[in-house]
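Just so it is clear, the model here is predicted, and its values are computed rather than measured. All chains are named by letter (A, B, ...) in the order of the sequence lines, taking the proteins before the strands, and each is independently numbered beginning at 1. For the numbers below, each heavy atom of this structure counts, side chains included, while hydrogens, waters and symmetry mates do not.
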Amino acid sequence: MAFEIPRETNTGSIAEITLGATSEQGGTRSHTLTLGGSSSLPFHFFEGEQPHPPVVAMEVFDSVPTKYPEPLLDYYRDVIDNPGEMAKKCVEEYGAELISVRLEGTHPEKGNKSVDEAVEIVQKVLSSVSVPLIFTGPSHFEKNNEVMKKVCEVTAGENCLINYVETDNYKTIAAACIAYGHTLVAQSPIDVNLAKQLNILLTDMNFPADKIVMDPLTGTLGYGLEYTYSIMERIRTDGLAGDKMLAFPMLVTPGYESFNVKEARAPQKDYPDWGDLAQRGIYWETATAVSLLVAGAELLILYHPQSVEIIKSKIAEIFAAEGGE
Amino acid sequence: MALSGLDIFKLLPKTNCGDCAVPTCLAFAMKLAQKKAELSECPHASDEAKATLGAAGTPPIRLVKIGGANALEVGNETVMFRHEKTFFHQTGIAIELRSSDGTESNRVKIQAMENLTVERVGEQLTADLFFVTFDSENGEVFLDTLTVIKELSTKGVILNCQDLTVLKQGLEILKENRPAIYCEAKPAEKIYSLAKTFEASLVLTARSFEDLEARSNAAVTADLNALILNLEAAGFGKKLQHNTLLRRSALQQNFKPFGYPLLTRIKGATPVEILAEASLQICKYGSIVVLPEYDQALLYTLFTLRQTIYTDPQKPIQVDPKVYAIGDPTPDSPVFVTTNFSLTYFMVSGEIENSGVSAHLVVTDAEGQSVLTAWAAGKFDGEKIAKFIKDIQFEQQVKTRKIIIPGLVAQISGDLEESLPGWEVIVGCQEASDIPSFIKSVELT
Ligand code: B12
Ligand code: SF4
């Protein structure tokens with residue numbers, strides 16, 4: 001018996017979602033990016049299509065994160081409190097394909113910046129780079145609704161990715177996305193059924209099914225990655241098997257999660273066996289990103305320029321060899 | 001054809017002699033049915049049993065061992081996705097040593113590898129193998145390196161030596177140590193007999209599925225079955241595709257030539273690239289990865305990823321719910337409470353230890369979940385914690401009447417005070433890493 005390639009075909013495929021809008025489309029971005037569209041598991045070109053490579057975003061902030069580790073800060077010291085300039089640096093020097101603006105400083109307990117301040121930052125980033133944008137609201141229901149509604153309004157027509165809604169708080173922001181033409185992140189806590197339920201709730205309120213990106217919630221390496229990894233594989237398998245309410249592109253946040261944990265911050269003198277701190281942070285983020293990439297992530301928000309470089313180059317390598325065996 | 005445990009049992013001698021290392025024939029039959037054992041492990045199996053069980057008697061992916069006392073076992077996987085059941089034999093991590101680097105430099109690496117064990121959530125993590133490459137003028141350094149390994153280490157060895165005379169000398173040094181022989185190309189006949197003599201496993205390298213199949217068949221014809229496959233591929237995507245297809249054909253089509261563990265030599269222009277390539281292998285079916293360099297931070301990251309992927313998804317790693325003594329606590333020492341998720345427990349106990357304060361750490365039964373997860377699932381609230389403390393009669397063991405709860409569940413403090421009369425609840429910090437400074441800032445008892 002000679003070897004024959006064991007192919008599996010799927011009945012479903014992942015929704016195609018476009019981010020950003022050019023001037024013809026009513027926005028000001030220089031180009032758009034499309035996610036999704038695959039009809040097989042990630043990079044299985046031998047049995048299906050994957051028309052769009054996964055993309056890598058980098059993140060800027062409305063207020064300097066308290067836990068931003070030194071080795072990372074070394075890359076951004078001159079721009080860290082200037083989101084417009086930092087965005088520019090990420091795009092021009094480090095190759096970010098999108099910019100995520102995290103507006104956590106508007107959280108009532110983390111700076112309580114006003115809606116106007118948030119809007120100012122949003123506009124700064126909008127004018128300093130021309131790539132599609134992601135806006136991430138604070139982890140506080142009321143303030144999130146207040147800030148993001150306004151963000152949606154002032155960026156009308158740009159088709160930004162508005163990050164995020166969850167089951168207990170989705171109506172206000174979803175409505176604003178519909179009104180101003182944005183795409184939405186539906187976040188759920190590492191659970192297939194909860195993810196599906198939220199997508200159903202959204203489509204039930206007539207939210208367009210070609211404007212949803214799922215965030216299955218990233219647990220980083222050593223802190224729940226095993227759950228995220230497997231939930232993503234299950235979501236993707238179910239989506240490909242024909243469950244339309246799970247067949248959306250997935251976003252993951254290895255940067256935010258990885259640089260928040262002890263492994264990215266504790267010096268080697270305290271943990272000699274852990275190895276060099278500066279390298280460790282990059283490795284932690286890269287290992288998380290690689291595993292989630294093969295589990296089905298289409299949009300990765302990363303922090304370290306070296307992680308961005310390697311993940312982008314691996315994605316390019318995969319697609320350069322497309323055609324499969 | 002799948003046979004049930006009982007079908008198989010009927011074919012066994014039913015003497016319960018135990019030579020298969022399982023106490024009874026029935027238990028052995030059950031293991032066979034689950035493909036966790038091979039018929040050849042029962043020395044008394046009849047020819048009829050062998051004929052009937054045939055293919056059903058070997059697992060779809062063979063278990064291969066490299067090394068002596070401290071052997072690495074790889075293979076014998078049964079699923080494509082960890083959520084379908086679990087992955088069983090975690091990826092072996094090998095470090096390459098080259099004879100061109102000299103014996104002394106290799107000795108340093110061997111010693112470093114031997115000393116490196118990192119604890120993470122209660123497990124000891126370590127690298128498993130040496131991959132020794134003969135790339136110098138004469139065999140001396142290569143053989144000396146093997147002698148040093150034998151002296152300093154119990155880890156297994158893979159020999160990458162295309163010179164058959166030197167290879168044989170190397171195998172002599174490592175005899176009784178069940179090494180593996182890495183074949184860069186189609187193995188010479190002589191290699192088969194060496195492998196047999198020294199009970200070595202064979203790593204077969206090929207650049208196409210066809211060649212790999214041919215080499216695998218040839219080795220089996222030569223009566224070898226401890227094989228490891230190395231299908232070389234250029235590019236990240238190709239590697240993922242190849243590994244997936246090899247695993248699929250073994251598991252789903254029971255395609256015997258590919259029913260073996262997979263090895264990859266990791267190449268990369270930078271350490272980050274090496275990390276990325278090795279991470280892919282750990283996630284997607286690599287049984288052994290050979291790293292070109294020794295890099296501590298990189299190893300620690302890979303150890304953690306490997307632990308992640310090979311954790312049984314059905315049961316989070318957890319610790320026993322009970323009161324743990326940190327340092328040398330007395331009845332007047334402070335009392336902390338947390339859940340029995342291993343990660344949570346080890347982070348919290350580690351930080352209390354770092355602070356230098358002796359304390360009681362009450363670890364409740366939260367079914368192995370983190371603080372917030374357990375709280376959200378109703379497994380870590382005021383009532384549950386109070387009930388646990390009462391059930392284990394903790395109040396009789398300490399005089400302290402203050403209890404420190406995780407900052408993330410500040411909202412349960414009222415409930416807990418109500419359910420645990422006589423106690424004062426202190427809301428702790430949110431992050432374990434802040435525990436040392438938190439301890440200094442409040443009156444704990
Ligand atoms: C991995 C994970 C899971 C895993 C479970 C992992 C496990 N074994 O516990 C799974 C996928 C199973 C899961 C399930 C659920 N999850 Co969950 N999960 C997470 C996730 C991503 C990480 C949790 C984790 O491992 N943390 C690491 C450990 C070490 O943290 P920790 O236990 O809190 O300990 C730290 C501190 O609390 C402190 N500490 C601990 N003890 C003590 C003691 C003292 C005295 C002090 C001072 C400090 C201290 O030290 C530690 C280190 O800093 C979090 C989100 C996040 N990023 O935090 C959500 C999260 C906890 N989950 C959440 C939810 C809602 C759920 C579910 C209810 C939903 C669902 N999916 O069905 C279920 C509940 C489970 C069930 N149905 O039985 C929510 C909780 C929301 C809330 N604020 O209440 C979270 C916050 C996600 C979110 N943003 O929505 N989850
Ligand atoms: S070795 Fe064979 S005969 Fe002996 S107990 Fe095991 S299965 Fe039964």
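The stretch residues 288-303 of chain A places A/Val290, A/Ser291, A/Val294 near chain B, each with some heavy atom under 4.5 Å from a heavy atom of that chain. Using a 4.5 Å heavy-atom cut-off against chain B, the contacting residues of residues 270-278 of chain A are A/Tyr271, A/Pro272, A/Asp273, A/Trp274, A/Gly275, A/Asp276.
When heavy atoms are compared at a cutoff of 4.5 Å, B/Phe258 approaches chain A solely by way of its side chain, counted from C-beta outward. Only the backbone of B/Thr117 comes within less than 4.5 Å of a heavy atom of chain A; no side-chain atom from C-beta onward does. Contacts of B/Leu298 with chain A are made by both backbone and side-chain atoms, with heavy-atom separations under 4.5 Å. For B/Asn115, no part lies under 4.5 angstrom from a heavy atom of chain A. In this structure, no portion of B/Gln307 lies under 4.5 Å from any heavy atom of chain A. At a 4.5 Å heavy-atom cutoff, the contact between B/Leu343 and chain A is made by side-chain atoms alone. The part of B/Thr244 that comes within reach of chain A is its side chain, from C-beta onward, which places non-hydrogen atoms under 4.5 angstrom from that chain. For A/Pro42, the part lying near chain B is the backbone, with the side chain staying farther off; criterion is any non-hydrogen pair under 4.5 Å. Interface residue B/Leu275: only side-chain heavy atoms are found under 4.5 Å from chain A. Using a 4.5 Å cut-off between heavy atoms, B/Glu431 contacts chain A through its side chain alone, with no backbone atom that close. For A/Leu41, the part lying near chain B is the side chain, with the backbone staying farther off; criterion is any non-hydrogen pair under 4.5 Å. Only the side chain of B/Gln252 comes within less than 4.5 Å of a heavy atom of chain A; its backbone N, CA, C and O stay farther away. Proximity to chain B (any heavy atom under 4.5 Å) is shown, for A/Glu233, by both the backbone and the side chain.
Among A/Lys262, A/Gln268, A/Glu226, the residue making the largest number of heavy-atom pairs under 4.5 Å with chain B is A/Glu226. Chain A forms more heavy-atom pairs under 4.5 Å with one residue of B/Ala234, B/Cys283, B/Ser370 than with any other, namely B/Cys283. Annotation: maximal heavy-atom pairing with chain B below 4.5 Å, among A/Arg265, A/Glu8, A/Gln279, occurs at A/Glu8. For the options B/Ala297, B/Ala432, B/Ser433, B/Gly237, heavy-atom pairs under 4.5 Å to chain A are most numerous at B/Ala297.
The closest side-chain donor-acceptor pair between B/Tyr300 and B/Arg120 falls under 3.5 angstrom. Between the side chains of B/Asn354 and B/Glu351, at least one donor N or O lies within less than 3.5 Å of an accepting N or O.
Applying the ring pair (Phe, Tyr, Trp, His ring centres under 6.0 Å) criterion to A/Tyr170, with sequence neighbours excluded, gives no partner residue. Among residues two or more places apart in sequence or in another chain, the side-chain hydrogen bond (donor to acceptor under 3.5 Å, both in side chains) test is passed with B/Thr264 by B/Gln281.
A salt bridge links B/Arg306 and B/Asp128; the closest N-O separation between the charged side-chain nitrogens and carboxylate oxygens is under 4.0 Å.
The environment of CD in A/Glu93 is crowded: more than 12 heavy-atom neighbours from other residues, nucleotides or ligands sit within 6.0 Å.
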Note to self: Assess the residue pair A/Asp191 and A/Leu217 against the criterion (side-chain contact (heavy atoms from CB on, under 4.5 Å)); give the C-alpha distance rounded to whole Å, side-chain angles, the decisive distance to 0.1 Å, and a yes or no.
What the structure shows: CA-CA 9 Å; A/Asp191 188 292; A/Leu217 211 105; over 6 Å; no

